[in-house]
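Contents: one structure, followed by commentary.
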Amino acid sequence: MTTAQTPELDVQPTPLALLLLGREADPKSERGVECPGDLPSPSDPDLVERARAAKEKLGDKVFVLGHHYQRDEVIQFADVTGDSFKLARDAAARPEAEYIVFCGVHFMAESADILTSDDQKVVLPDLAAGCSMADMATAEQVAECWDVLTEAGVAEQVVPVSYMNSSADIKAFTGRHGGTICTSSNAERALDWAFGQGEKVLFLPDQHLGRNTAVRDMGMSLDDCVVYNPHKPNGGLTAEQLRAARMILWRGHCSVHGRFSLDSVNDVRERIPGVNVLVHPECRHEVVAAADYVGSTEYIIKALEAAPAGSKWAIGTELNLVRRLANRFAPEGKEVVFLDRTVCFCSTMNRIDLPHLVWTLESLAEGTLVNRIEVDKETEAFAKLALERMLALP
């Protein structure tokens, strides 16, 4: 996405703008934004060699995880790639690694800290690499929501199901209240389990994954779903609406997947006859309903691996992955394009760049621990309980 040149304006940046730019800190935020130390210049021609040298010096002491949405310049140094839960489990399977460098976002590093041993230290190269979706549900907001459900007389019937893309605090809330975590791959199984425990589900924090799974995969109606808005009194819902609903969806979404529209689907079908539209279930319901295929990041990759030569695909997920897949499968005669005409990266995921990775690896190689992500023991215990319920799903 290009930015037009504009004349200098006499405008002072707002605190929110400075926060998003990583230049200020919000003490009430569930994640930090400061990056101590001097970063190497992005124009340093030796960045790749510096990263390689620092990683070799660390040897088996470091294990680098690269989420699918990371830049290519970072992915080249990842020991494993995958989605957030796969990477957290991969980290737990490497107990000899003293340092887990998670090239992803904050909630992912928290999950890795929860699942790894106390001797392992999880590091996030840039503390400002957060997730807008995860930040849409804070511990205070969710506790208030539970009070609203209690006052409506339905809390005892509600089982929370939280998406992996949530903070450790939200995972711990889920564990405390008898719920489970889900991924985009096992959301249907998680909901099946939850409805075996109670009559209603509070789905956090992505309304689209919850709605798509309930309606598209499980045959519920849109009328079975209500959206709880934490910025409105009582979530913007009446007690009668809460009593009638089966799915209480948190008003959260992915800023990347939420940008795809029905117009995007119609436009790409017109531009590319015979195209297969493949989207992530974090997309809006009308986009998912209009797509040919719907699935997780791993599903998308496997679908393209199995696709015949000459097939055409429009992918509705983060651009770094789509571009990587387009390059990978072009020699096989498969055409892969981004679903939307307007190109957009995940801005927070994209904060992990080569300078941050070099700074992190060189600091660790010099014996300086930086940007450690550490979940407190009580939160970890309840979050792990919710994760273990997910692992035990049939």
Side-chain angles (χ1 to χ4, degrees), residues 1-4 66-78 80-84 86-87 103-104 133 165 183-185 187 206 208-209 212-213 216-217 253-350 352-354:
M1 199 160 53
T2 59
T3 303
H67 190 272
H68 285 307
Y69 297 167
Q70 288 292 297
R71 305 162 179 251
D72 288 346
E73 67 187 50
V74 170
I75 284 291
Q76 66 179 316
F77 292 104
V80 292
T81 59
D83 60 20
S84 59
K86 174 185 179 295
L87 292 176
C103 297
M133 179 201 297
N165 298 28
T183 67
S184 53
S185 299
D206 179 22
H208 299 307
L209 177 62
N212 289 329
T213 305
R216 179 182 182 273
D217 300 330
H253 65 275
C254 170
S255 57
V256 171
H257 291 108
R259 70 172 290 107
F260 299 115
S261 65
L262 186 57
D263 286 342
S264 304
V265 177
N266 293 334
D267 177 69
V268 80
R269 290 197 192 282
E270 185 176 339
R271 287 189 290 116
I272 308 175
V275 70
N276 297 284
V277 177
L278 170 55
V279 303
H280 195 282
E282 289 176 20
C283 292
R284 302 177 192 181
H285 181 66
E286 60 267 26
V287 173
V288 165
D292 299 301
Y293 304 95
V294 181
S296 66
T297 303
E298 295 292 340
Y299 174 92
I300 290 171
I301 295 170
K302 290 177 181 177
L304 289 176
E305 287 175 341
S311 55
K312 303 173 183 179
W313 297 83
I315 310 298
T317 193
E318 207 276 338
L319 179 59
N320 273 314
L321 175 61
V322 176
R323 188 169 59 182
R324 193 173 300 124
L325 293 173
N327 293 333
R328 175 184 170 185
F329 292 112
E332 299 178 24
K334 303 172 188 178
E335 181 181 351
V336 179
V337 301
F338 192 61
L339 176 58
D340 196 39
R341 280 183 181 268
T342 305
V343 175
C344 184
F345 294 96
C346 173
S347 59
T348 49
M349 186 79 74
N350 227 37
I352 308 294
D353 56 12
L354 197 49

Shortest non-hydrogen contact from S311 toward A307: OG-CB, 3.6 Å
Closest heavy-atom pair and its distance - F260, G316: CE1-C, 3.4 Å
Could you report the tightest heavy-atom contact between S296 and S184, atom names first, then the distance? CB-OG, 3.1 Å
Please determine if E305 and K334 form a salt bridge, counting it only when a charged side-chain N lies under 4.0 Å from a carboxylate O. no
Step-by-step salt bridge (Lys or Arg N to Asp or Glu O under 4.0 Å) determination, R341 to D263: CA-CA 10 Å; R341 280 183 181 268; D263 286 342; over 6 Å; no
Donor-acceptor pair, distance only, cut-off 3.5 Å: does the side chain of Q76 make one with the backbone of E73? yes
Among residues at least two apart in sequence or on other chains, which ones pass ring-ring contact (aromatic ring centres under 6.0 Å, His included) with H68? none
Does the side chain of M133 come within less than 4.5 Å of H257's, by heavy atoms? no
Drop me the distance from E282's CD to S255's OG, to the nearest 0.5 angstrom. 9.5 Å
Rounded to the nearest 0.5 Å, the CG atom of L354 sits from the CZ atom of F77 at a distance of 6.0 Å
By side chain to side chain donor-acceptor pair (under 3.5 Å), D353 pairs with (sequence neighbours left out) H356
Specify the closest pair of heavy atoms between I352 and V74, including all atoms of both residues, with the distance to one decimal. O-CG2, 3.5 Å
Those residues that, when tested against R324, pass side-chain contact (heavy atoms from CB on, under 4.5 Å) (two or more places apart): D72, I75, N320, L321
Across all chains, not counting sequence neighbours, the side-chain contact (heavy atoms from CB on, under 4.5 Å) partners of L262 are N266, E286, A290
Nearest 0.5 angstrom please: H280 NE2 to E318 CD, how far? 11.0 Å
Assess the residue pair V277 and V268 against the criterion (side-chain contact (heavy atoms from CB on, under 4.5 Å)); give the C-alpha distance rounded to whole Å, side-chain angles, the decisive distance to 0.1 Å, and a yes or no. CA-CA 8 Å; V277 177; V268 80; 4.0 Å; yes
Heavy-atom check, side chain of N165 versus side chain of L209, under 4.5 Å: no
Which residues satisfy the side chain to side chain donor-acceptor pair (under 3.5 Å) test with S261, sequence neighbours excluded? S264
Please identify each residue that fulfils side-chain contact (heavy atoms from CB on, under 4.5 Å) with E335, with sequence neighbours left out. I272, K312, V337
Measure the CD1-CG distance between I301 and L278 for me, rounded to the nearest 0.5 Å. 10.5 Å
If only atom types and distance count, is the side chain of K86 paired as donor or acceptor with the main-chain N or O of T81 below 3.5 Å? yes
How far apart are the C-alpha atoms of L325 and I300, what are their side-chain angles, what is the distance that settles it, and do they pass the side-chain contact (heavy atoms from CB on, under 4.5 Å) test? CA-CA 10 Å; L325 293 173; I300 290 171; 4.1 Å; yes
For the backbone of D292 and the side chain of N276, can you confirm whether one donor and one acceptor N or O come within less than 3.5 Å of each other? no
For Y299 against V294, the heavy-atom pair lying closest together: CE2-O, 3.7 Å
Identify the heavy atoms of H208 and H285 that sit nearest to each other, and give their distance. ND1-N, 4.5 Å
